[in-house]
Enquirer: 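Sharing a structure below in structure tokens format, with a few things to ask.
So that the names make sense, note that chain A is the first sequence line, chain B the second, and so on, each numbered from 1.
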There are 2 protein chains.
Amino acid sequence: MLSKKTKYGLKALTYIARQEGNKPVQVGEIAKSEQIPQKFLESILLTLRKSGCLGSKKGKHGGYYLIKRPSEIIMADVMRVLEGPIAMVPCVSLNFYEKCDDCPDENKCTVNKLMIEVRDSTLQVLRNTTLEDLSIK
Amino acid sequence: MLSKKTKYGLKALTYIARQEGNKPVQVGEIAKSEQIPQKFLESILLTLRKSGCLGSKKGKHGGYYLIKRPSEIIMADVMRVLEGPIAMVPCVSLNFYEKCDDCPDENKCTVNKLMIEVRDSTLQVLRNTTLEDLSIK
DNA sequence: ATTATTCCTATCGATTTAGTAGGAATTACA
DNA sequence: TGTAATTCCTACTAAATCGATAGGAATAAT
């Protein structure tokens, strides 16, 4: 299941990408327009900023803005920041690999094999979709 | 994240599919061999039986057995029973559809569009993989 | 009868999710 | 220089889900 955090984060990024120019967009504006609890959205955008997806400006007339072109913001990266690993099990994760305690031999594990295929097919979509694709109306 | 329930369920199905003949396999045997808590596995196999993936025989010398050939047991179906919807959001689920409360127009929602693509690529794998594929050594 | 097994219901602790609360720090501007 | 508006940060919380565990009823073989 996609978390609300990810869902809200994607909607907010799309909203920002659709703005004219590159002026900072305020959390309050996004929250209102996209029907997202403002305080929750604050924390989400903070996460995105810390991970390098967004820039911010503090104080009055502050807000969030893109620091890359939409076409350079890859969904796979955004998803990893918001949702965590793309793989369904840690033992097939490229970026968050962990061995299973219960599995003596990974190469003989059928769950492992299946989940590698699922991961690869998901990645193919997420690597080839950018924020630009989402924000085209 | 794949739940332990699903992981254990897939391992158990594979174990059963690999047996000679079609004699009932006991929960205790599977649990021991695959390092799965027995009581937990009991409830998982019960779920699989109720959903039509497995048959069972009660009492002494009882156990679980396949009621279809491994090549007829589709991973997409098994995953739906164990893990629930394959889609990451209910609004793109084929079998468990639900409208989002926050989304006024589904067709204009960018999350919706992206998640349809993810769902389809995942389905392509899960529909084309059967228990036979998993159980070939 | 006895034993071995599935079947069923209920409960529980830990973790995660989806926020909320409160305020500090920073900036614009009158 | 003061005030308002904004991001930033920490802490907390209610509810749901996960990963079991407990205890025993029902059923079948011997």
Side-chain angles (χ1 to χ4, degrees), chain A residues 1-12 16 23-32 34-67 82-85 88-90 96 98 100-102, chain B residues 1-12 16 23-32 34-67 81-85 88-90 96 98 100-102 111:
Chain A
M1 262 301 209
L2 200 74
S3 65
K4 295 255 181 181
K5 182 180 172 185
T6 303
K7 189 180 173 187
Y8 293 161
L10 290 174
K11 285 191 171 195
I16 295 171
K23 283 194 313 189
V25 187
Q26 291 169 11
V27 176
E29 180 188 337
I30 305 171
K32 197 174 170 191
E34 300 295 326
Q35 315 215 53
I36 302 170
Q38 177 159 347
K39 275 290 196 178
F40 193 18
L41 184 56
E42 267 183 33
S43 71
I44 295 168
L45 294 183
L46 209 48
T47 305
L48 286 169
R49 196 218 64 193
K50 285 181 179 170
S51 76
C53 295
L54 284 175
S56 72
K57 193 184 168 215
K58 287 192 210 171
K60 202 169 186 176
H61 300 184
Y64 289 92
Y65 51 89
L66 300 182
I67 51 178
L82 292 171
E83 190 75 6
M88 294 190 78
V89 279
F96 303 85
E98 268 179 67
C100 299
D101 347 338
D102 51 332
Chain B
M1 262 299 208
L2 200 74
S3 65
K4 296 254 182 181
K5 182 179 173 186
T6 303
K7 189 180 174 188
Y8 293 161
L10 290 174
K11 286 192 171 193
I16 295 171
K23 282 195 311 187
V25 187
Q26 291 168 11
V27 176
E29 180 188 336
I30 305 171
K32 197 175 170 188
E34 299 294 326
Q35 314 214 55
I36 302 170
Q38 177 159 350
K39 274 291 197 177
F40 193 16
L41 184 56
E42 264 183 35
S43 70
I44 295 168
L45 294 184
L46 209 46
T47 305
L48 286 169
R49 196 218 61 191
K50 285 180 179 171
S51 76
C53 294
L54 284 175
S56 72
K57 191 182 170 219
K58 287 193 210 170
K60 203 169 185 178
H61 299 184
Y64 289 92
Y65 52 89
L66 301 181
I67 51 177
V81 167
L82 292 171
E83 190 74 7
M88 296 189 78
V89 279
F96 303 85
E98 268 179 66
C100 299
D101 348 338
D102 52 332
V111 176

Enquirer: Please find the pair of heavy atoms, one from Leu41(A) and one from Ala12(A), that lie closest to each other, and give the distance.
Expert: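 Heavy atoms only, the tightest pair is CD1-CB, 3.9 Å.
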
Enquirer: Measuring to OP1 and OP2 of dC29(C), would you say a side-chain N or O of His61(A) lies under 4.0 angstrom away?
Expert: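 So the side-chain polar atoms of His61(A) do come within 4.0 Å of the phosphate oxygens OP1 or OP2 of dC29(C), strictly under.
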
Enquirer: Using modelled atom types only, decide if a donor and an acceptor are shared between the side chain of Glu34(B) and the backbone of Tyr8(B) within a distance under 3.5 Å.
Expert: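 Such a contact is absent between Glu34(B) side chain and Tyr8(B) backbone.
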
Enquirer: Looking only at side-chain N and O atoms, does Lys50(A) come under 4.0 Å of OP1 or OP2 in dC9(D)?
Expert: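 So the side chain of Lys50(A) is within the cut-off, an N or O lying under 4.0 Å from OP1 or OP2 of dC9(D).
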
Enquirer: Does any non-hydrogen side-chain atom of Leu54(B) lie less than 4.5 Å from one of Leu66(B)?
Expert: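 In short, these two side chains touch, coming nearer than 4.5 Å.
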
Enquirer: Between atom NZ in Lys60(B) and atom C1' in dA1(C), what is the gap in whole Å?
Expert: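 About 11 Å, once rounded to whole Å.
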
Enquirer: When you check the phosphate oxygens OP1 and OP2 of dA20(D), does a side-chain N or O of Lys5(B) lie under 4.0 Å from one of them?
Expert: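 Result: no.
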
Enquirer: Could you tell me the separation between the CD1 atom of Ile36(B) and the P atom of dA20(D), rounded to a whole number of Å?
Expert: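 It is 10 Å, rounded to the nearest whole Å.
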
Enquirer: Looking only at heavy atoms, what is the nearest atom pair of Gly62(A) and Gln26(A), with distance?
Expert: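 That closest heavy-atom pairing would be O-CG, 3.1 Å.
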
Enquirer: To the nearest angstrom, how far is Leu46(A) atom CG from dT10(D) atom C1'?
Expert: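 So the CG-C1' distance, Leu46(A) to dT10(D), works out to 11 Å.
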
Enquirer: Whole-Å distance between dT20(C) P and Glu42(A) CD?
Expert: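 Taking CD of Glu42(A) and P of dT20(C), I get 11 Å after rounding.
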
Enquirer: Tell me which of Phe40(B) and Gln26(A) sits closer to the 5' end of DNA chain D, going by the nucleotide each one is nearest to.
Expert: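 Whichever sits nearer the 5' end wins; that is Gln26(A).
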
Enquirer: Within the structure shown, what part of the strands sits under 4.0 Å from Gly28(A) by heavy-atom distance: base, sugar-phosphate, or nothing?
Expert: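 If one applies the 4.0 Å heavy-atom cut-off, Gly28(A) turns out to touch nothing in the nucleic acid.
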
Enquirer: State, to 0.1 Å, how close Val89(A) and Met1(B) come at their nearest heavy-atom pair, and which atoms those are.
Expert: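 The answer is CA-SD, 4.5 Å.
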
Enquirer: For dA18(C), take OP1 and OP2 only and decide whether either is under 4.0 Å from a side-chain N or O of Tyr8(A).
Expert: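 Tyr8(A) to dA18(C) OP1/OP2: no side-chain N or O under 4.0 Å.
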
Enquirer: On the nucleotide dA29(D), are OP1 or OP2 found under 4.0 Å from the side-chain N or O atoms that Lys57(B) carries?
Expert: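 Yes, such a contact exists.
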
Enquirer: Using whole Å, what does the distance between atom P of nucleotide dT6(D) and atom CG of Leu54(A) come to?
Expert: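 It is 18 Å, rounded to the nearest whole Å.
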
Enquirer: 5'-most contact on DNA chain D: Glu83(B) or Gln38(A), nearest heavy atom basis?
Expert: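 Mapping each residue to its closest nucleotide by heavy atoms, the 5'-most match is Gln38(A).
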
Enquirer: Ignoring backbone atoms, establish whether Ser56(B) has a side-chain N or O less than 4.0 Å from OP1 or OP2 of dC7(C).
Expert: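 So the side-chain polar atoms of Ser56(B) do come within 4.0 Å of the phosphate oxygens OP1 or OP2 of dC7(C), strictly under.
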
Enquirer: Specify the separation, in whole Å, of atom CG of Leu45(B) and atom C1' of dT5(C).
Expert: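 The distance from CG of Leu45(B) to C1' of dT5(C) comes to 13 Å, rounded to the nearest Å.
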
Enquirer: Starting at CD1 of Ile44(A) and ending at C1' of dT7(D), how long is that distance when rounded to a whole Å?
Expert: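 It is 15 Å, rounded to the nearest whole Å.
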
Enquirer: Could you state the atom-to-atom distance from CG of Leu2(B) to C1' of dG19(D) in whole Å?
Expert: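 It works out to 14 Å between those atoms.
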
Enquirer: With DNA chain C as reference, determine whether Lys58(A) or Lys4(A) sits nearer its 5' end, using the nearest nucleotide of each.
Expert: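 Nearest nucleotide further toward 5': that of Lys4(A).
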
Enquirer: So, OP1 or OP2 of dC8(D): does either fall under 4.0 Å of a side-chain N or O from Arg49(A)?
Expert: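 Indeed, a polar side-chain atom of Arg49(A) lies that close.
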
Enquirer: Hey, which of these two, Lys39(A) or Ser3(A), hits DNA chain C nearer its 5' end, going by closest nucleotide?
Expert: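 Here Ser3(A) is the residue nearer the 5' end.
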
